[in-house]
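Data block below; observations after.
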Number of protein chains: 2
Amino acid sequence: MKPISKDKFERRSNAGKASSSSTGNSTGTGANSERARQHNRKLVLSALQDAYAGNGTAGRAEIARLSGLSTQAVSNIIADLEARGLIRACGRRSVGRGQPAIQYEINPDGAYALGFEVRPDAVFCTLINLHGKAVFWDRNPLQQATPQNVAQEMLTLKSEALGIRNLSANMILGVGLVMPGPFGITGITGHQSDLPEWQDIDVRDWAQELLDLPCLVENDANAAAMAERISGAARGLRDYACLYFGAGIGLGIVNDTQILRGAFGNAGEIGHIRIPMPSGPARLEQVLSRISVQKHLKINDISAQTTEALEAHFQSETPALMAWIDQARLALAEATNLIENLYDPETIVLCGAMPAVIFAALVQDLSLSPHSVSVRPDRTIDRVVQGSSGPMTAALGSAALVLNDEFTPKFMGSS
Amino acid sequence: MKPISKDKFERRSNAGKASSSSTGNSTGTGANSERARQHNRKLVLSALQDAYAGNGTAGRAEIARLSGLSTQAVSNIIADLEARGLIRACGRRSVGRGQPAIQYEINPDGAYALGFEVRPDAVFCTLINLHGKAVFWDRNPLQQATPQNVAQEMLTLKSEALGIRNLSANMILGVGLVMPGPFGITGITGHQSDLPEWQDIDVRDWAQELLDLPCLVENDANAAAMAERISGAARGLRDYACLYFGAGIGLGIVNDTQILRGAFGNAGEIGHIRIPMPSGPARLEQVLSRISVQKHLKINDISAQTTEALEAHFQSETPALMAWIDQARLALAEATNLIENLYDPETIVLCGAMPAVIFAALVQDLSLSPHSVSVRPDRTIDRVVQGSSGPMTAALGSAALVLNDEFTPKFMGSS
DNA sequence: CTTGTTAACTCAATTTGATTGAGTTAACAA
DNA sequence: TTGTTAACTCAATCAAATTGAGTTAACAAG
């Protein structure tokens with residue numbers, strides 16, 4: 001039977017047929033065979049994803065061993081995924097005796113994820129394939145970020161994105177959405193924000209209805225962190241942190257493959273934290289952020305609004321910029337110490353709207369505290385690494401949210 | 001059928017009959033009906049636990065709504081749990097029309113959890129019932145904390161604990177174990193420690209074999225956090241942090257009901273963090289810890305080794321102690337700001353080896369930053385609250401680890 | 001006092017999906 | 001050529017959740 005459903009999987013959002021989900025206020029999530037299958041499917045996909053990260057592929061038996069499932073269960077799931085086009089066979093591989101294993105890999109073009117970043121003055125959009133590679137990106141300016149305007153631009157960008165490869169909507173797994181301010185997460189009210197008109201809108205529901213696709217909402221730093229996990233510097237890592245340079249500075253924390261949100265979705269607000277600097281305590285984003293570098297340059301009558309302009313100043317070694325970098329490096333060292341001791345990540349990734357060369361300069365000559373739980377003899381990755389750079393980072397990340405949600409089981413620990 | 005197994009549940013540790021768990025290096029965890037049942041059982045138990053937290057009880061239908069399971073599924077699980085003695089019926093309750101619901105509650109004496117805290121000079125032991133109440137506690141001194149000595153004392157304490165209520169081993173759900181230093185979590189080597197002889201021992205396996213019970217190992221702060229969740233100030237909370245006063249100071253973070261460990265189990269090492277103080281940057285535990293108060297008193301030629309002695313000095317308002325409290329309060333405010341902005345908890349609980357009156361004094365007149373994500377109009381609990389106090393906190397917490405593990409499903413988010 | 005409505009619960013049938021066990025096939029080794 | 005090993009397939013079994021049709025008990029209305 002298996003009436004291969006129109007949409008990719010069972011369309012997560014309206015999965016619970018109609019019955020028990022009556023009240024809707026239920027917090028819990030009972031397990032049943034459907035849920036179990038969903039979980040196991042993610043297990044298989046994430047095994048293949050890990051294999052891909054190591055530029056490899058995997059056979060049924062191998063995945064079974066890795067996931068703890070029986071080979072038969074893996075076989076069924078593989079058949080399912082192959083029929084859906086999410087994975088594909090790619091030859092056989094024999095390692096010693098026995099029948100050579102049929103290798104499978106994720107089919108990059110088996111499905112896509114859409115990502116939007118809404119800013120006060122523009123909407124960014126990306127479309128990524130199952131390998132996390134962007135196949136489309138664009139930016140539409142906004143006069144004013146009202147829900148109406150944003151909706152219009154998002155619809156335009158959506159059809160533009162689908163048009164680029166002539167994709168039908170059922171090839172889109174879902175949509176990730178990044179918005180400024182504390183939105184959508186738990187309906188925070190009473191906080192002032194850049195986009196006051198959105199105050200009473202549940203952004204997730206709104207976008208879900210607008211685009212007719214399942215939707216995930218996150219802040220920029222968390223989204224960026226996911227981008228690094230899917231196809232960037234944090235590929236294959238389960239625990240890491242991501243220092244994201246937007247206007248200010250944010251921290252996306254990934255704990256056991258999942259984003260750490262805290263009780264109200266505000267975890268990682270590192271910008272407001274006071275750190276000791278030679279000149280006295282300062283808030284981190286006063287020293288280490290896009291705004292801070294621009295302020296610092298402005299004092300010296302230099303303007304550098306764009307990433308390109310900043311890069312040019314770096315190339316020409318403008319003294320004011322170099323001085324800022326020196327200060328920023330100190331702040332970064334303090335922040336690193338904080339993050340390492342509080343979250344114990346495998347690494348810290350720098351990413352966002354800064355030129356790559358400046359990230360490189362920050363990481364280079366960074367003198368980190370030797371008194372940290374992160375000083376380990378068996379490290380395989382640097383304590384601070386450079387991630388993706390440029391203004392599209394968050395939009396890419398928003399799409400990556402969807403892949404992570406679809407490919408990564410929510411828990412794996414065997415207790 | 002259902003051959004009610006000797007031990008409580010299927011004895012978590014050696015659950016996987018014999019088959020797939022061949023290699024053992026598998027990280028993944030496939031879902032099957034057994035696992036699903038396990039998960040759903042936890043869902044039911046945690047619903048009852050929450051009901052108990054509100055001093056209530058719950059019926060089948062109510063639990064079904066809460067958990068998203070069908071009433072039938074809940075019924076089956078309830079029957080199971082009742083047969084095992086973990087829960088019991090407690091009357092009927094009618095709320096309007098319809099047949100009154102049979103109410104269920106956790107049977108406090110249906111099972112117990114054992115907890116140990118090993119320190120360089122002593123082993124502490126507690127036994128708690130299913131309500132998280134301690135029914136036994138004791139402390140045996142150690143000449144030297146060698147594995148042999150510790151093993152002996154643990155066995156002695158175990159049989160003493162079981163003896164107090166004439167319990168057989170199958171009434172014990174499991175053992176929680178707190179050890180100093182970075183132990184057992186991920187086999188850290190190359191770190192100096194208070195207990196060098198343990199370097200090559202996998203503490204969990206060791207204890208499991210020694211006591212013939214499933215075992216969980218954590219650090220003191222994490223264990224204390226669990227104690228607060230099971231029967232203390234954090235009851236019913238899903239996200240909070242716990243500042244634990246041991247020798248130094250540690251932070252136990254609970255995120256979505258689970259302990260946050262980080263990549264190598266060292267998350268929450270807040271003691272080493274530099275915070276701005278009026279006199280310049282200082283490490284937190286130089287200002288806010290048991291050792292720091294003792295140092296501060298010693299300068300003034302006052303000795304206060306025990307909690308009782310400290311309390312006495314507080315009652316007589318010894319100036320040196322009062323001065324320390326003023327400084328500590330500033331440090332606590334800084335730490336709060338840090339924790340709130342980085343983890344966004346529902347609250348921060350103070351607990352551990354300090355007199356309750358000193359916790360109260362710290363919390364009182366604490367002037368917290370108004371610029372924090374935790375400043376919310378809809379708060380239901382203070383930003384910093386007082387938890388359990390006294391030297392048994394960690395030992396109690398170690399037992400609480402077991403309850404949390406048995407009663408709290410690993411994920412609930414409906415994506 | 002009778003009857004209708006509602007909610008909680010039970011029993012039996014169905015369904016999903018994982019596990020188990022018995023083949024089958026292909027590679028390597030003797 | 002034959003034996004061994006590993007990967008995979010097919011069919012049967014099993015666990016546990018869901019579904020649907022009763023049954024029971026309380027309250028409300030006439």
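Chain naming here is simple, since letters A, B, ... match the order of the sequence lines and numbering starts at 1 in each. When reading the values below, keep in mind they use all heavy atoms of this one structure, side chains included, and skip hydrogens, waters and symmetry mates. Note that this is a predicted model, so its numbers are computed, not measured.
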Checklist entry - For the side chain of R97(A), counting heavy atoms from C-beta on, which of dA25(D), dC27(D), dT5(D) is nearest? => result dT5(D)
Checklist entry - If only atom types and distance count, is the side chain of K42(A) paired as donor or acceptor with the main-chain N or O of D405(A) below 3.5 Å? => result yes
Checklist entry - Under 4.0 Å between a side-chain N/O of N32(A) and OP1 or OP2 of dT16(C), yes or no? => result no
Checklist entry - Under the side chain to side chain contact (heavy atoms under 4.5 Å, CB included) criterion, do Q258(A) and F411(B) qualify, and how do the steps go? => result CA-CA 11 Å; Q258(A) 300 298 128; F411(B) 71 109; over 6 Å; no
Item to check | Between dT16(C) (P) and D80(A) (CG): distance, integer Å | outcome: 13 Å
Item to check | Integer-rounded Å distance: dA7(C) C1' and R92(B) CZ | outcome: 11 Å
Checklist outcome for this item: Separation of dT9(D) atom C1' from I78(A) atom CD1, nearest Å, is 14 Å
Checklist entry - Quick one: R35(B) CZ to dG17(C) C1', roughly how many Å, whole number? => result 15 Å
Item to check | Rounded distance in Å - CZ (R65(A)) to C1' (dT5(D)) | outcome: 12 Å
Item to check | Check against side chain to side chain contact (heavy atoms under 4.5 Å, CB included), Y104(B) and I78(B) | outcome: CA-CA 9 Å; Y104(B) 287 89; I78(B) 292 254; 3.6 Å; yes
Checklist entry - Where is the tightest heavy-atom contact between V402(B) and V175(B), given as atom of each residue plus distance? => result CG2-C, 3.5 Å
Next on the checklist: Any strand counts, and the cut-off is 3.5 Å on both contacts for Watson-Crick or G-U wobble. Which nucleotide pairs with dC28(C)?
Outcome noted: dG3(D)
Item to check | Pairing partner (Watson-Crick or G-U wobble, both distances under 3.5 angstrom) of dC8(D) | outcome: dG23(C)
Next on the checklist: Is there a side-chain contact between S94(B) and the phosphate of dA7(C), meaning an N or O under 4.0 Å from OP1 or OP2?
Outcome noted: no
Checklist outcome for this item: If pairing means Watson-Crick or G-U wobble with both distances under 3.5 Å, then the partner of dT14(C) is dA17(D)
Checklist outcome for this item: The answer to which of I102(B) and G96(A) contacts DNA chain C further toward the 5' end, by nearest nucleotide, is I102(B)
Checklist outcome for this item: The nucleotide from dA27(C), dA8(C), dC8(D) with an atom nearest the side chain of A101(B) is dA8(C)
Checklist entry - Among dA7(D), dT10(C), dA8(C), which nucleotide sits nearest the side chain of Q99(A)? => result dA7(D)
Checklist entry - Rounded to whole angstrom units, what separation is found between the CD atom of E34(B) and the C1' atom of dC14(D)? => result 12 Å
Checklist entry - Mind checking whether S231(B) and H131(B) have side chains closer than 4.5 Å, heavy atoms only? => result no
Checklist outcome for this item: Quick note, S70(A) side chain, CB onward, closest among dA16(D), dT19(C), dA8(C) is dT19(C)
Checklist outcome for this item: Answer for the Watson-Crick or wobble partner of dG30(D), both distances under 3.5 Å, is dC1(C)
Next on the checklist: Side chain of A73(A) only, heavy atoms from C-beta on: which candidate in dT25(C), dC27(D), dA18(C) is closest?
Outcome noted: dA18(C)
Item to check | Proximal nucleotide (of dA17(D), dC8(D), dT18(D)) relative to the R37(B) side chain | outcome: dA17(D)
Checklist entry - Nearest of dC28(C), dC9(C), dA25(D) to any side-chain atom of P100(B)? => result dA25(D)
Item to check | Interatomic distance, N76(B) CG vs dC11(C) C1' [rounded to whole Å] | outcome: 11 Å
Item to check | Nearest-angstrom distance from the residue atom CD1 of I77(B) to P of dC9(C) | outcome: 14 Å
Checklist entry - Among dG3(D), dC10(D), dA8(C), which nucleotide sits nearest the side chain of Q72(A)? => result dC10(D)
Checklist outcome for this item: Closest to the 5' end of DNA chain D, once N40(B) and G59(A) are matched to their nearest nucleotides, is G59(A)
Checklist entry - Looking at V44(A), D80(A), N107(A), L48(A), which one forms a side-chain contact (heavy atoms from CB on, under 4.5 Å) with I87(A)? => result L48(A)
